[in-house]
Amino acid sequence: MSFFKKFFKNVIHDRDPDEDTITVKGKPKPKYYGTVTPHPHFSASSDASVLEKAIETKGVDEDVIISVLVNRSNEQRQQIKRVYETSTGEALADALKSALRSDLEDVVLALLMTPTHFDAHQLRVATKGLGTHEHILSEILASRSNQEIRELRKVFQEEYQEELDDVIKSDTSGDFTLALLALLKANKDEDNEVDMDLAKRDANALFEAGENTKGVDIYAFIDILTSRSGPQLSKTFQQYSAISDVNLPKALRMELRGDIEDCLIDIVKCAWSKPAFFAEKLHLAMKGHGTCDETLIRVLVSRSEVDLKKIIEEYSTMYERSLQEDIVGDTKGHYQKILLALCGPH
């Protein structure tokens with residue numbers, strides 16, 4: 001609980017959507033907070049040739065492979081893939097899979113997927129085989145935009161010949177299933193404008209559905225938390241604190257248990273601050289004995305062209321040490337090198 005309190009009390013600050021935009025030709029555009037940018041002198045044919053030589057070199061030249069892939073945007077990597085297969089007759093992913101091993105291989109193959117295909121792959125891994133990785137389902141669906149979720153459903157069906165909704169229904173149960181299916185509808189309000197009256201009504205509705213009643217009206221929580229925008233929910237949380245002795249996240253901890261609790265808490269954290277949410281994920285992946293490499297790879301790759309700069313900043317604020325320091329302490333070799341490269345210059 002102490003760590004949870006720290007997340008909400010020490011990290012979160014008032015949101016200002018204007019600070020995330022710049023003006024280009026008189027129109028507001030979102031600032032870029034990714035650590036990976038397009039290479040200014042890009043040549044797909046040249047990169048494909050360099051990669052072919054690095055793969056065929058005796059012992060494999062991992063340094064060259066890392067340098068090429070991390071210093072190209074995802075769109076540029078897709079072009080390299082097409083040129084490589086045309087010139088060699090072999091898929092680049094297959095060639096690298098044969099040449100590399102272990103965690104480095106996993107990062108490289110992740111970088112070769114489009115963001116949507118990578119998300120679909122992660123959800124497939126989370127639901128395939130014995131057991132379900134519920135935290136991956138919650139993390140991805142709680143943090144993606146409406147458009148990203150719509151594209152994810154489409155790609156998942158194309159790749160695995162199954163509807164994602166059906167997979168969720170068969171691999172999860174109860175209120176957790178209801179929350180995930182609500183997120184899959186991709187009808188969250190994405191307007192940055194805040195309706196104060198709605199925030200007050202929602203805060204009262206959540207209070208009545210949780211603390212002020214015997215049991216929990218989970219439908220009210222799911223409906224509000226999966227349909228309101230981040231700024232709107234942030235204001236709702238502030239209003240909730242005005243009518244309750246505890247803040248909403250703590251109330252959720254008190255009233256709910258299990259996967260549904262974790263899922264709704266993830267939604268709340270993403271509404272407050274996605275960078276802080278992912279900074280916490282990275283910290284927990286390296287905390288204590290052992291390292292959750294799957295989480296490190298998933299977060300660093302998926303956020304490298306979205307908001308990894310902000311995540312790195314939040315990490316430093318939250319834990320008073322840099323993300324790169326902890327990566328160095330928990331990983332080694334070329335695997336460490338590619339993760340640090342994804343973090344950008346340090």
Side-chain angles (χ1 to χ4, degrees), residues 34-39 42-126 128-129 133 136 159-160 282 285-286 290-305 308 323-324 326-346:
T35 54
V36 173
T37 56
H39 195 281
F42 173 65
S43 168
S45 58
S46 175
D47 286 344
S49 177
V50 168
L51 286 173
E52 184 180 4
K53 290 176 183 176
I55 292 169
E56 293 179 350
T57 296
K58 186 177 181 181
V60 184
D61 195 337
E62 291 95 342
D63 290 322
V64 169
I65 293 170
I66 292 170
S67 178
V68 171
L69 295 182
V70 173
N71 290 294
R72 305 297 185 273
S73 68
N74 190 275
E75 184 178 340
Q76 290 175 336
R77 290 184 214 120
Q78 303 314 309
Q79 295 179 51
I80 295 170
K81 282 167 59 178
R82 290 191 288 270
V83 172
Y84 186 95
E85 184 165 4
T86 299
S87 61
T88 68
E90 181 182 18
L92 179 56
D94 292 339
L96 288 167
K97 192 182 297 185
S98 299
L100 303 174
R101 295 290 179 271
S102 192
D103 296 320
L104 175 61
E105 175 192 344
D106 293 338
V107 181
V108 166
L109 294 179
L111 289 171
L112 289 180
M113 299 181 199
T114 68
T116 308
H117 279 82
F118 183 54
D119 278 350
H121 171 72
Q122 288 295 305
L123 293 185
R124 184 63 169 179
V125 170
K128 190 178 180 182
H133 300 286
I136 298 178
E159 287 293 310
Y160 306 112
L282 292 170
M286 295 182 284
T291 304
C292 183
D293 296 298
E294 293 83 359
T295 298
L296 281 182
I297 295 168
R298 185 176 63 254
V299 174
L300 292 179
V301 170
S302 66
R303 310 310 292 185
S304 62
E305 293 186 46
L308 189 49
L323 172 60
Q324 290 92 330
D326 284 342
I327 289 174
V328 169
D330 270 59
T331 62
K332 59 184 180 180
H334 286 98
Y335 173 51
Q336 177 189 105
K337 184 171 184 177
I338 196 169
L339 294 184
L340 291 175
L342 283 172
C343 292
H346 177 53

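As the structure is a prediction and not an experimental result, all values here were calculated from the model. Start at 1 with the first residue, then count along the sequence.
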Evaluate side chain to side chain contact (heavy atoms under 4.5 Å, CB included) for Tyr335 paired with Leu100, printing each intermediate quantity in order. CA-CA 11 Å; Tyr335 173 51; Leu100 303 174; over 6 Å; no

Mind checking what makes salt bridge (Lys or Arg N to Asp or Glu O under 4.0 Å) contact with Asp47, not counting sequence neighbours? Arg72

Check Val83, Asp61, Ile65 against Leu51 for a side-chain contact (heavy atoms from CB on, under 4.5 Å) and give me the one that passes. Ile65

I need the minimum non-hydrogen distance between Gln324 and Cys343, along with the two atoms involved. NE2-CB, 3.8 Å

Value rounded to 0.5 Å, distance of CD in Gln76 from NE2 in His39: 8.0 Å

What's the separation between atom CZ in Arg82 and atom CZ in Arg77, rounded to the nearest 0.5 Å? 13.5 Å

Got a donor-acceptor contact below 3.5 angstrom from the Glu305 side chain to the Asn74 backbone? yes

With a 3.5 Å distance limit and no angle check, can you tell me whether Ser49 reaches the backbone of Ser46 through a side-chain donor-acceptor pair? no

Between Val50 and Lys53, is the side chain to side chain contact (heavy atoms under 4.5 Å, CB included) condition met? List the steps. CA-CA 5 Å; Val50 168; Lys53 290 176 183 176; 6.0 Å; no

Please report the interatomic distance CD(Gln79) to NZ(Lys81), rounded to the nearest 0.5 Å. 12.0 Å

Of Val107, Leu300, Ile297, which meets side-chain contact (heavy atoms from CB on, under 4.5 Å) against Ile338? Val107

Just by modelled atom types, is the Asp63 backbone N or O under 3.5 Å from a matching donor or acceptor in the Lys337 side chain? no

pair Leu339-Asp103: side-chain heavy atoms closer than 4.5 Å: no

Worked verdict on Arg298 versus Val125 for side chain to side chain contact (heavy atoms under 4.5 Å, CB included): CA-CA 12 Å; Arg298 185 176 63 254; Val125 170; over 6 Å; no

Side chains of Tyr160 and Lys128: does their closest heavy-atom pair fall under 4.5 Å? no

Between CG of Leu109 and CG of Leu96, what distance do you get to the nearest 0.5 Å? 7.0 Å

Specify the closest pair of heavy atoms between Ser73 and Val36, including all atoms of both residues, with the distance to one decimal. CA-CG1, 4.1 Å

Determine whether a donor-acceptor pair (N or O, by modelled atom type, separation under 3.5 Å) exists between the side chain of Gln122 and the backbone of His117. no

Lys97 and Glu105: which non-hydrogen atoms are nearest, and at how many Å? CG-OE2, 3.1 Å

Partner residues of Asp94 under the salt bridge (Lys or Arg N to Asp or Glu O under 4.0 Å) criterion, sequence neighbours left out: none

Looking only at heavy atoms, the pair that brings Ala48 and Tyr84 closest together is O-CD1, 3.6 Å

For Asn71 and Ser67, which heavy atoms make the closest approach, and how far apart are they? ND2-O, 2.7 Å

For residues Leu111 and Leu342, determine if any side-chain heavy atom of one lies less than 4.5 Å from a side-chain heavy atom of the other. yes

Glu159 atom CD, over 12 foreign heavy atoms within 6.0 Å: yes

Do the non-hydrogen side-chain atoms of Leu282 and Leu296 ever get within less than 4.5 Å of each other? yes

Heavy-atom closest contact (Leu340 atom, Ile327 atom, distance): CD2-CG2, 3.9 Å

CG/Leu112 to CG/Leu69 distance, rounded to the nearest 0.5 angstrom? 5.5 Å

What's the spacing between Leu92 CG and Glu52 CD if we round to 0.5 Å? 10.0 Å

